[in-house]
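Take a look at the structure below.
Quick note on labels: first sequence line is chain A, next is B, and so on, each numbered from 1.
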Protein chains: 2
Amino acid sequence: MNNKIPALFTDLYELTMAAVYFEREMFAPATFSFFVRSYPKNWRFFIFSGLEEVLSALEAFSFSEDDLAYLESLGLFKPVFLDFLKDLRFTGDVWAMPEGTIFFTEEPVLEITAPLPQAQLIETFVINSLCFNSLIASKAVRSVLAANGCTVVDFSARRTHGIEAALKVARNSFLVGFSATSNTLAGKLYRIPVTGTMAHSFIESFSSEAEAFSTFAEVFPENTVLLLDTYDTLTATKKAIALAKKLEAQGKRLKGVRLDSGDIGYLAKEVRRLLDEAGLPYVKIFVSGGLDEYEIERLLKEGAPIDAFGVGTKVGVSADAPYLDAAYKLACYDGRPVVKLSSGKKTLPGEKQVFRFKKEGLFQQDLVALREEAFGARPLLEKVMEKGKRLKPEPALEEIRNYIQEALECLPDKLKAVKPSEAGFYPVEMSSQLARLQKAVEQEIRRKELI
Amino acid sequence: MNNKIPALFTDLYELTMAAVYFEREMFAPATFSFFVRSYPKNWRFFIFSGLEEVLSALEAFSFSEDDLAYLESLGLFKPVFLDFLKDLRFTGDVWAMPEGTIFFTEEPVLEITAPLPQAQLIETFVINSLCFNSLIASKAVRSVLAANGCTVVDFSARRTHGIEAALKVARNSFLVGFSATSNTLAGKLYRIPVTGTMAHSFIESFSSEAEAFSTFAEVFPENTVLLLDTYDTLTATKKAIALAKKLEAQGKRLKGVRLDSGDIGYLAKEVRRLLDEAGLPYVKIFVSGGLDEYEIERLLKEGAPIDAFGVGTKVGVSADAPYLDAAYKLACYDGRPVVKLSSGKKTLPGEKQVFRFKKEGLFQQDLVALREEAFGARPLLEKVMEKGKRLKPEPALEEIRNYIQEALECLPDKLKAVKPSEAGFYPVEMSSQLARLQKAVEQEIRRKELI
């Protein structure tokens, strides 16, 4: 999926604006900044994802003959502009935080500098990709943190907003620490471990639950996780125990059982007790059904003896926060820094850099500054593309996964809480030079435009 | 996008279950029902969408050599099963409501009957497609109803969960009555009208707002909608009026203006007043920015003189209800009706039909019955696929669009309200024969399984 992003995936206004730029020969470099404006409820940080997809799309950017024929059919564009589009490639530079970086609101995560028509035409895709990938990475890591070392796996394929979304959920949840996905296509494309148990329909297809259980174990003796709630969870537990004993007699071990409905906390304790009493401490308990970070934390807090969580819908669509309040905004055109003044939607002018200060190994504060400034802290934005070419190969998933785990170690615990205190946001400040520039540009605009 | 749905887009457990069915030669016909269990807050009906995508996927169902090589690499499956998958095609029957049908909770919308391994393997994709398409159609129609005849257009491309999701949002919102989309790729693929205005970055790229306005109008004299809120909406209105007057002198007409932030209701009234006082009643007012059915209704109730609504994020991700509580459940295997008893997740046994009773031209009640029953009302499920082949060609979008508009005429007003009364759900009853069957199957299971 998505190896080639169609350049035509863009809002029509990007094309009409580009046509005007073309007519007026406005090809000077423009810098756009991507940033997130606000946190969803209870979130205190984000994980940056989508950069690698964006870079691949920029490298492959071009309109097909088909696309151009369609645009011509709209009767909006002059042939000379369509000729321009035909040869158009992305030739700009990209500065960005590396894929997997922890970031905060109001700081640029990516800045693109390119001839204005190019930087404009890619807006729709850049926002779409960075928003959704970062959304899911940031949502999924909350389940990992809540699970506190227990296994978490992705079961969302059936409920995401399409197949492409399902693939992105599998990739991003793996990046932030999920162990596996049920999505076999994602397994193939990304080489993520795949996992699964059995469905209620499987149980119902047999003339009895016990027969369904034993038949599965005959075919997959190493990989049997019995689903217990098709008819009655505790009755099914007794059948699972009988089967586990039979398997033991054959020198095999039942891998686990799964609970998918009812009072999961209570049932997990009861099932664990029955399994332990039967001398089956090694049989693991998997749970699923409407899980998210809040439910995982609640279950573990009440002491439910759960080994693995299958997380589906609520993370796959980021149910309580299904979009990021993010923007891709012009910061500079032809050397002239710009801002908008729209109420509640201000922007920062100029090419920027973000510096992250640490104290005793923990993130302490970020500083948004102009790119040419220097501070005694790590600059987070790196030049990742120059003149349309990636400067480094795409990192392997394991590499990004390790990078994220290391970064999480540096994030203060209060920011990692599932329900953090109302106060206690991470501080992101502006350098005095950037603040002065913003003020100057705003004053100039007020003077010129608000007449 | 998505012309060929990969058969490997399935949960791993569908494959392990299919492997067991294969080993035990369980190839008898299985019937699965797709239905939605509950309404999102304030919803009282759904629009069925995704059928045509599902039928296309079923016709094209097959595993590639690549897929099989990947599955082999997992070390889970026997070569003889992989050989079986290699030749596997979908050969089943599908009964469904036509694409665009209005439907309600707890009634089957689609039933698939096929050899058990086939019916199982397609589960993940069938749920994914029907859930998301129906979700968006059902969410988007609420904006159309709230807009009460005003134009509504799709601006969601940048915030959907990927490109595939954006295309599905454009298609479904057009089906339910949106006039156009900003998504140019959707325009090309589905021949949906495309539309757009201009961005803040466009204004900022020019040395003044007035110059940005006039330049756009020079290049697109027939299609200029000026964005007013980059710096200050009412000051920009004066510049727009000056330009409109200049255009009039050239025999041209400014098409419209767009408001994207601030107190849209107040601003729309002020801008309308200024335009009218300047003798420009024909200049239309477009609004955008965080709109959904609630905001559209609120703006129109307070008398805001708005001509067109650009609806983005909140419909594109169905922000307040980002998934449907839907299921694809086994109803019958090898002639034996089945149910599950899981708490809160009961299912209906057997092959079914839905009858819709009308009174004075309005939908009055639905009755879920066994397929062989007959009542004096229209049966909604039609046989749309037989032995893996579509029985009718895919309808044109315009045809589905008209079908939906006609159906909405038959839906009682109280079900169409944006905020309906707490009571007043549409009645969906069960035939006494189906109720008897369900009771009998449940009793049989309790007798056999709950020991």
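Residue contact with chain A, scored on non-hydrogen atoms closer than 4.5 Å, is absent for B:E442. Residue contact with chain A, scored on non-hydrogen atoms closer than 4.5 Å, involves the side chain of B:K314 exclusively. In this structure, no portion of A:L130 lies under 4.5 Å from any heavy atom of chain B. When heavy atoms are compared at a cutoff of 4.5 Å, A:A69 does not approach chain B at all. For a residue to count as touching a neighbouring chain, one of its non-hydrogen atoms must lie under 4.5 Å from one of that chain's; by this rule B:M26 touches chain A with the side chain only. Interface residue B:L324: only backbone heavy atoms are found under 4.5 Å from chain A. Proximity to chain A is limited to the side chain of B:E14, based on heavy atoms less than 4.5 angstrom apart. For chain B, the nearby part of A:N223 is the side chain; its heavy atoms alone come within less than 4.5 Å. Within the 4.5 angstrom heavy-atom criterion, atoms from both the backbone and the side chain of B:D232 approach chain A. If you measure heavy-atom distances from A:E222 to chain B, you find no contacts under 4.5 Å at all. Both the backbone and the side chain of B:K188 come within less than 4.5 Å of a heavy atom in chain A. The contact between A:E449 and chain B is made by backbone and side chain atoms together, counting heavy-atom distances below 4.5 Å. Of the atoms belonging to B:L450, heavy atoms from both backbone and side chain fall under 4.5 Å from chain A. Only the backbone of B:V339 has a heavy atom closer than 4.5 Å to any heavy atom of chain A. The contact between A:L15 and chain B is made entirely by side chain atoms (from C-beta outward), counting heavy-atom distances below 4.5 Å. With a 4.5 angstrom heavy-atom cutoff, B:L74 touches chain A only via side-chain atoms. For B:A331, no part sits under 4.5 Å from any heavy atom of chain A, backbone or side chain. If you measure heavy-atom distances from B:A199 to chain A, the contacts under 4.5 Å come from both the backbone and the side chain. B:F22 does not touch chain A: none of its heavy atoms, backbone or side chain, sits under 4.5 Å away. Interface remark: B:R191 contributes side-chain atoms only to the contact with chain A (heavy atom separation under 4.5 Å).
Note on A:P322, A:A186, A:G196: by heavy-atom pairs under 4.5 Å with chain B, the leading option is A:P322. In terms of heavy-atom pairs under 4.5 angstrom with chain A, the leader among B:D334, B:T10, B:T235, B:V20 is B:V20. Note: A:Q120 leads A:K329, A:Q120, A:K238 in heavy-atom pairs under 4.5 Å with chain B. Comparing A:N183, A:L234, A:L71, A:T16 by heavy-atom pairs within less than 4.5 Å of chain B, the highest count is held by A:T16. Put simply, of B:G187, B:G316, B:C131, the one with the most heavy-atom pairs under 4.5 Å next to chain A is B:G187. When B:D260, B:T233, B:I127 are compared by the number of non-hydrogen pairs under 4.5 Å with chain A, B:I127 comes out ahead. Ranked by non-hydrogen atom pairs under 4.5 Å with chain A, the options B:S208, B:A119, B:C332, B:A28 are led by B:S208. Heavy-atom pairs under 4.5 Å with chain A were tallied for B:A210, B:S207, B:S129; the largest tally goes to B:S207. Most heavy-atom pairs under 4.5 Å with chain B: of the set A:F125, A:Y323, A:F155, this distinction falls to A:Y323. Highest contact tally toward chain A, considering only B:T195, B:T347, B:L116, is held by B:T195 [criterion: heavy-atom pairs under 4.5 Å].
When side chains are defined from C-beta on, B:S288 does not count as touching B:T197, because their heavy atoms never get closer than 4.5 Å. Within the 4.5 Å cutoff, the side chain of B:T184 has no heavy atoms near those of the A:Y13 side chain. Counting heavy atoms from C-beta on, the side chains of B:L330 and A:S205 come closer than 4.5 Å.
Proximity of a side-chain donor or acceptor of A:N133 to a complementary backbone N or O of A:K168 within less than 3.5 Å is not detected. Side-chain atoms of A:S156 never come within 3.5 Å of backbone atoms of A:R159 as a donor-acceptor pair (strictly under, hydrogens ignored). Between the A:D67 side chain and the A:S64 main chain, a donor and an acceptor come within less than 3.5 Å of each other.
Between A:F202 and B:Y21, a ring centre-to-centre spacing shorter than 6.0 Å is recorded.
Among all heavy-atom pairs drawn from B:A157 and A:T124, the shortest one is CB-CG2, 3.8 Å. Taking both residues in full, the closest heavy atoms of B:T181 and B:A170 are given as OG1-CB, 3.8 Å, listed atom of the first, atom of the second, then distance. Scanning all heavy atoms of the two residues, the minimum distance from A:V169 to A:F132 falls at CG2-CZ, 4.1 Å.
Legend: salt bridge (charged side-chain N to carboxylate O under 4.0 Å, His left out) pairs involving residues 208-219 of chain A, not counting sequence neighbours, sorted by first then second residue: A:E209-A:K239, A:E218-B:R24.
Checked for salt-bridge contact, A:E204 and B:K340 miss the test: no charged N lies under 4.0 Å from a carboxylate O. A salt bridge does not link A:R336 with A:E444: none of the charged nitrogens is closer than 4.0 Å to a carboxylate oxygen.
Among residues two or more places apart in sequence or in another chain, the ring pair (Phe, Tyr, Trp, His ring centres under 6.0 Å) test is passed with A:F220 by A:F216.
Under the 30°/60° scheme for interplanar angles, the aromatic rings of B:F32 and B:Y328 are found to lie parallel.
Within 6.0 Å of atom NZ in B:K78, 12 or fewer heavy atoms from other residues, nucleotides or ligands are found, so the atom counts as exposed in its surroundings.
Partner A:Y70 forms a side chain to side chain contact (heavy atoms under 4.5 Å, CB included) with one of B:L185, B:V194, B:L189 and no other, that one being B:V194.
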